[in-house]
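Read the numbers this way: they start at 1 and go in the same order the structure lists the ligands and their atoms.
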Amino acid sequence: MNYEAPRKAMVEEQLLRRGIKNERLLRAFSKVERHRFVSRDLMSNAYLDFPLSIGEGQTISQPYIVALMTEYLELTGNEKVLEIGTGSGYQTAILAELAKEVCSIERLSGLAAKAENLLKEMGYTNIKIKVGDGASGWPQQAPFDRIIITAAALQVPFALREQLKETGKIIAPLGEAFNQVLTLIEKKEGRFESTDICGCVFVPLISKSPEE
Ligand code: SAM
């Protein structure tokens with residue numbers, strides 16, 4: 001099956017029509033083959049307007065939410081980005097199209113290995129993936145210009161705030177199971193400013209680190 005037409009329709013109907021305007025971002029969504037990040041039986045649904053299962057009880061987020069989160073990061077191509085929750089690797093690929101370097105952490109080794117193989121096969125050379133608890137961040141790779149958390153926590157873990165550069169941004173779903181708010185956090189002169197964006201539903205961030 002040729003997925004170009006459904007991918008074009010996804011960009012026009014789900015992203016452009018809902019107000020996603022950044023041209024680099026729209027180009028990345030037009031380029032990255034989302035169907036390759038799901039199992040064969042779900043490929044025909046890959047460009048539809050909802051999340052899909054990627055196994056192990058996890059999901060690949062709805063295209064619009066991936067676009068919205070990425071848009072708030074305001075990537076210009078020079079940034080080092082930390083992603084918590086690699087999942088299928090789709091969001092990782094979008095970030096790799098738009099930033100200089102992406103470091104991504106996934107707690108489930110099966111998902112991490114699958115995503116790593118696929119992203120290599122697709123030719124990305126600016127992505128590093130590690131298996132672990134993303135709540136501790138990646139101190140050896142820090143500091144980061146941007147951090148994106150793709151699983152919900154009550155608060156942004158302390159280590160991640162510590163590993164963010166001055167003037168950096170974090171985008172994260174914050175809150176309990178059915179009451180989460182997509183939140184933008186900006187670091188300015190050592191202080192963190194939060195802006196609520198919209199309600200959302202994400203799988204939980206599973207961590208041994210205490211919430212601070
Ligand atoms: N962005 C992904 C994509 O495009 O496919 C979807 C991510 S999925 C909504 C959330 C992911 O976060 C899951 O794969 C889950 O295993 C992972 N996760 C949950 N808690 C984590 C933690 N503490 N550290 C790293 N990954 C975690």
[atom]: nearest protein contact (heavy atom, Å):
atom	result
atom 4 (O) of ligand 1	Gln91 N, 3.1 Å
atom 24 (N) of ligand 1	Gly134 N, 2.8 Å
atom 23 (N) of ligand 1	Ile206 O, 2.7 Å
atom 12 (O) of ligand 1	Gly85 CA, 3.3 Å
atom 13 (C) of ligand 1	Gln58 OE1, 3.2 Å
atom 14 (O) of ligand 1	Glu106 OE1, 2.7 Å
atom 3 (C) of ligand 1	Ser88 OG, 3.5 Å
atom 2 (C) of ligand 1	Thr86 O, 3.5 Å

If we set the cut-off at 4.0 Å for heavy atoms, which region of [X] has an atom near ligand 1: side chain, backbone, both, or neither?
X	value
Val203	side chain
Pro51	neither
Leu111	side chain
Arg107	both

Please verify whether a non-hydrogen atom of Ala115 lies at under 4.0 Å from ligand 1.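 It does not, in that no heavy atom of Ala115 comes within the 4.0 Å cut-off of ligand 1.
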Under a 4.0 Å threshold between the charged nitrogen and the carboxylate oxygen, would [Y] count as salt-bridged to [X]?
X	Y	result
Glu12	Lys8	yes
Arg36	Glu121	yes
Glu71	Lys21	no
Lys187	Asp145	no
Lys31	Glu97	yes
Glu186	Lys169	yes

Using a strict 4.0 Å cut-off to heavy atoms of [X], name the atoms of ligand 1 that fall inside it.
X	result
Leu108	16 (O)
Ile60	5 (O)
Gly132	24 (N), 25 (C)

Would a distance-only check, ignoring hydrogens and angles, find a side-chain to backbone donor-acceptor pair under 3.5 Å from Tyr3 to His35?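 Checking the backbone N and O of His35 against the side chain of Tyr3, no donor-acceptor pair under 3.5 Å is found.
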Run the numbers on Lys80 and Gln141 for side-chain contact (heavy atoms from CB on, under 4.5 Å), then give the verdict. CA-CA 9 Å; Lys80 185 169 187 177; Gln141 291 290 340; 2.9 Å; yes
Does Ser207 reach ligand 1 with a nitrogen or oxygen that is under 3.5 Å from one of the ligand's nitrogen or oxygen atoms?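 No, since none of the N or O atoms of Ser207 sits under 3.5 Å from an N or O of ligand 1.
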From the options Val131, Ile54, Thr59, select the one whose nearest heavy atom is closest to atom 6 (C) of ligand 1.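 Looking at heavy atoms only, Thr59 sits closest to atom 6 (C) of ligand 1.
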Going by side-chain hydrogen bond (donor to acceptor under 3.5 Å, both in side chains), name the pairs with one or both residues in residues 175-184, residues two or more places apart or in two chains.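 Every pair satisfying side-chain hydrogen bond (donor to acceptor under 3.5 Å, both in side chains) with a residue in residues 175-184: there are none.
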Between Gln91 and Ser61, a side-chain donor and acceptor under 3.5 Å: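 No, no side-chain donor-acceptor pair sits under 3.5 Å.
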Test of understanding: with ring-ring contact (aromatic ring centres under 6.0 Å, His included), list the residues that count as partners of Phe37, not counting sequence neighbours.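 Phe37 satisfies ring-ring contact (aromatic ring centres under 6.0 Å, His included) with Tyr90 once adjacent residues are dropped.
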